[in-house]
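The structure appears right after this line, and notes come after that.
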Amino acid sequence: MNNQELKENLPWYVNNTLNDEQQAEFEQQLSNNAELKQEVKFLNALRQHVKQNISHSPGEMGLQRLKRQIKKESEQNSSSHKSITTWRTLAIAASLVLVVQLGIMINFVQREDTFVPLSGNNYSSSVIQVQFKSDATESRIRELLISIEGSIINGPSKNGLYRIQLKTDDDKIISRLRMQTDLIDFISKE
Amino acid sequence: MNDTDHEQQSIALLKEISKGQQPALEAFYQLYEPRVYRYALSRLNEPFEAADTLNEVMMEVWKYAERFEGRSKVSTWLLGITHHKVYDRLRKRKRAKLEDDIDDFSNQLTDDNQINIEQVLAGVDDANMVHHCMDKLSDSHREVIHLAFFEDMHYRDIASIAKCPEGTVKTRVYHARQALKNCITKLMVAMEPTA
C-alpha cells in the first residue's frame with residue numbers, strides 16, 4: 001500500500017475490521033511513520049467521541065408505539081377484509097345481473113335473426129332504387145319483379161321511387177333492367 | 001453473548017417474526033432498537049424523525065422478515081432498510097436530492113493546507129467541538145463516520161448499506177475526516193487569544 005492507500009484504510013485498522021495480515025502491515029508501517037501515528041491518534045479520539053455520543057433512544061416507549069401500530073394495522077386489515085368481502089359479493093351479484101342481461105340480449109338478437117321481413121328473407125344482399133314509367137301497369141311491374149326475383153321493400157316515395165330488394169347482387173340484372181326503357185325511367189343501385 | 005451467538009439469535013428471531021410471532025419482534029426490537037435509532041439520528045439530526053424512522057423500520061421487519069436471505073449479517077440488512085427510510089425522509093426534506101453535489105461541496109471544504117494537525121489533535125479531545133463539527137458534515141459523510149466508528153463496520157458492509165461502491169465509502173470517510181480536521185482547526189484558531 002502506498003501512503004494514500006494507507007491513509008484511506010486507516011479507519012478500518014482503527015475499528016479492527018481488517019484481517020490479521022492487513023493489520024500486521026499497518027503495525028509495521030506505523031512503527032516508522034509519524035504522520036500515520038498522528039492520524040491514528042486522531043481517528044481513535046474521533047471513534048471514542050462517536051461511541052460516547054449516547055443519545056436516549058425511544059426504548060420501551062418506542063416498543064409500545066410499535067405494538068399499537070401493529071394492532072391498529074391488524075384491525076384495519078380485518079376491517080378491510082370485511083369490506084373486500086362485501087364488495088366481492090356485490091361485484092359477483094352485479095356480474096350475474098350482467099350475464100343474465102347479456103343472455104337475454106343474445107337470445108333476442110338470435111331471435112331477431114329469424115325474423116323474416118314481408119318483403120323477403122334477405123334484404124341486405126342488394127337493394128336498388130327504381131322509378132317506373134307513369135303509365136306502367138301493375139301486371140307489368142309484377143311480371144318484372146317475378147323475373148328478377150325482386151321484392152318491393154319500400155316506396156313509392158314522393159318522387160315515385162321504389163326500393164327493391166334483389167336476392168342476388170348481380171350487375172347483370174341491373175343491366176337488364178336498364179334495357180326496360182318502356183317500363184323504367186330511372187334505376188340506381190344503393 | 002459473542003457475535004456468532006448474537007447473529008444466530010437474530011436469524012432465529014427473524015424466522016419467528018416471519019411466522020407472525022409478535023414476542024419475537026419484541027425481542028428483536030430490544031436487540032436492535034438502539035443501533036437503528038442512533039444510525040437514523042446520526043443522519044437525520046432530529047430525534048423525533050429518528051424515532052419515527054425506527055418505528056417504520058421495525059414495522060418493515062414485522063411485515064417482511066422473510067425477505068432476509070442470509071446474504072449479509074442481520075445488522076447490515078437492518079441498517080440497509082434504515083438507510084432507505086432515512087433517504088426517503090431526506091429526499092422529502094429536499095436535502096439529499098443532489099447528494100453528489102453535496103459531496104463535491106464538502107470536498108471543497110477539505111483543503112489539506114488549512115489543516116493544522118497539532119491543533120486538530122488538541123481540539124479532538126473536546127467533545128463539544130467534535131460534535132459541533134460532526135453536525136457540519138454532509139449526510140453521506142456523517143453516515144460513513146457513524147457506521148465506521150459507532151458500528152465498527154468494515155467498508156464492505158458500509159458499501160452494502162449505503163448502496164455504493166467500496167471505493168466510494170473509503171473516499172467519503174477520507175473526505176469526512178479531512179472536513180472534521182478542517183473544522184476543528186478553524187475553531188481552534190478562532191479560540192486563540194488575540195494579541
Side-chain angles (χ1 to χ4, degrees), chain A residues 1-23 26 33-78, chain B residues 20 22 25-26 29-30 33-38 40-42 47-48 50-52 54-56 58-59 61-63 117-118 120-121 123-131 133-134 144-158 167 169-171 173-174 176-178 180-181 184:
Chain A
M1 276 189 266
N2 61 36
N3 204 42
Q4 183 62 24
E5 285 172 334
L6 283 168
K7 277 185 180 177
E8 280 191 359
N9 284 294
L10 262 186
W12 328 114
Y13 166 76
V14 169
N15 75 6
N16 299 309
T17 54
L18 295 179
N19 61 35
D20 292 344
E21 191 184 336
Q22 291 169 320
Q23 206 79 7
F26 267 99
N33 190 326
E35 192 188 354
L36 277 186
K37 276 183 187 168
Q38 284 182 323
E39 194 67 24
V40 167
K41 195 177 171 189
F42 166 72
L43 290 175
N44 273 324
L46 180 62
R47 180 167 172 255
Q48 200 179 341
H49 282 302
V50 170
K51 283 195 183 296
Q52 283 174 349
N53 185 19
I54 295 183
S55 44
H56 294 290
S57 57
E60 192 58 30
M61 280 174 60
L63 182 58
Q64 294 308 322
R65 177 187 176 185
L66 182 67
K67 286 161 80 173
R68 277 198 305 274
Q69 191 176 344
I70 289 170
K71 190 179 173 192
K72 190 178 168 187
E73 289 200 7
S74 171
E75 286 168 356
Q76 279 175 344
N77 286 343
S78 173
Chain B
Q22 200 169 312
L25 178 71
E26 291 172 23
Y29 177 94
Q30 304 286 3
E33 176 257 352
R35 293 172 72 179
V36 171
Y37 175 77
R38 280 175 193 148
L41 184 63
S42 77
F48 291 109
D52 288 347
L54 165 70
N55 193 61
E56 288 172 12
M58 290 298 173
M59 278 304 290
V61 171
W62 173 241
K63 290 176 182 171
I117 194 66
E118 302 298 331
V120 168
L121 291 175
V124 79
D125 286 334
D126 183 333
N128 289 332
M129 197 177 285
V130 174
H131 295 152
C133 291
M134 282 282 288
V144 289
I145 291 291
H146 178 87
L147 293 175
F149 295 133
F150 184 82
E151 290 289 341
D152 284 336
M153 282 184 159
H154 190 269
Y155 54 79
R156 198 178 301 116
D157 293 326
I158 298 176
V169 172
K170 290 183 182 180
T171 308
V173 173
Y174 180 78
R177 283 154 56 191
Q178 298 307 97
L180 285 170
K181 288 183 209 165
I184 291 169

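Chain naming here is simple, since letters A, B, ... match the order of the sequence lines and numbering starts at 1 in each. Computed from a predicted model, the values in this text were never measured in an experiment.
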List for me each residue that meets side-chain contact (heavy atoms from CB on, under 4.5 Å) alongside B:Glu151, sequence neighbours excluded, and say none if there are none.
B:Arg35, B:Leu79, B:His146, B:Leu147, B:Met153
So which part of [X] gets closer than 4.5 Å to some heavy atom of chain A, the side chain, the backbone, both or neither?
| X | result |
| --- | --- |
| B:Glu56 | neither |
| B:Asn128 | neither |
| B:His131 | side chain |
| B:Val130 | side chain |
| B:Tyr29 | side chain |
| B:Phe149 | both |

For side-chain contact (heavy atoms from CB on, under 4.5 Å), just list the numbers for A:Glu73 and B:Lys63, CA-CA rounded to whole Å, side-chain angles, deciding distance to a tenth of an Å, and then say yes or no.
CA-CA 11 Å; A:Glu73 289 200 7; B:Lys63 290 176 182 171; 3.0 Å; yes
Contact leader toward chain A among B:Arg156, B:Lys170, B:Glu33, where contacts are heavy-atom pairs under 4.5 Å
B:Glu33
Would you indicate whether the side-chain heavy atoms of [Y] and [X] approach each other to under 4.5 Å?
| X | Y | value |
| --- | --- | --- |
| B:Leu54 | A:Ser57 | no |
| A:Thr17 | B:Asp157 | no |
| A:Leu66 | B:Trp62 | no |
| B:Asp152 | A:Arg47 | yes |
| B:Glu26 | A:Leu63 | yes |
| A:Gln38 | B:Glu118 | yes |
| B:Met58 | A:Gln69 | no |

Is chain B contacted by the side chain of [X], its backbone, both, or neither, given a heavy-atom distance below 4.5 Å?
| X | result |
| --- | --- |
| A:Gln48 | neither |
| A:Glu39 | side chain |
| A:Asn16 | neither |

Determine yes or no for a side-chain-to-main-chain donor-acceptor pair under 3.5 angstrom, with B:Arg177 supplying the side chain and A:Lys7 the backbone.
yes
List the residues meeting ring pair (Phe, Tyr, Trp, His ring centres under 6.0 Å) with B:Tyr155, not counting sequence neighbours, and say none if there are none.
A:Trp12
Go through A:Met61, A:His56, A:Glu60, A:Arg65 and name the one with the most non-hydrogen pairs under 4.5 angstrom from chain B.
A:Arg65
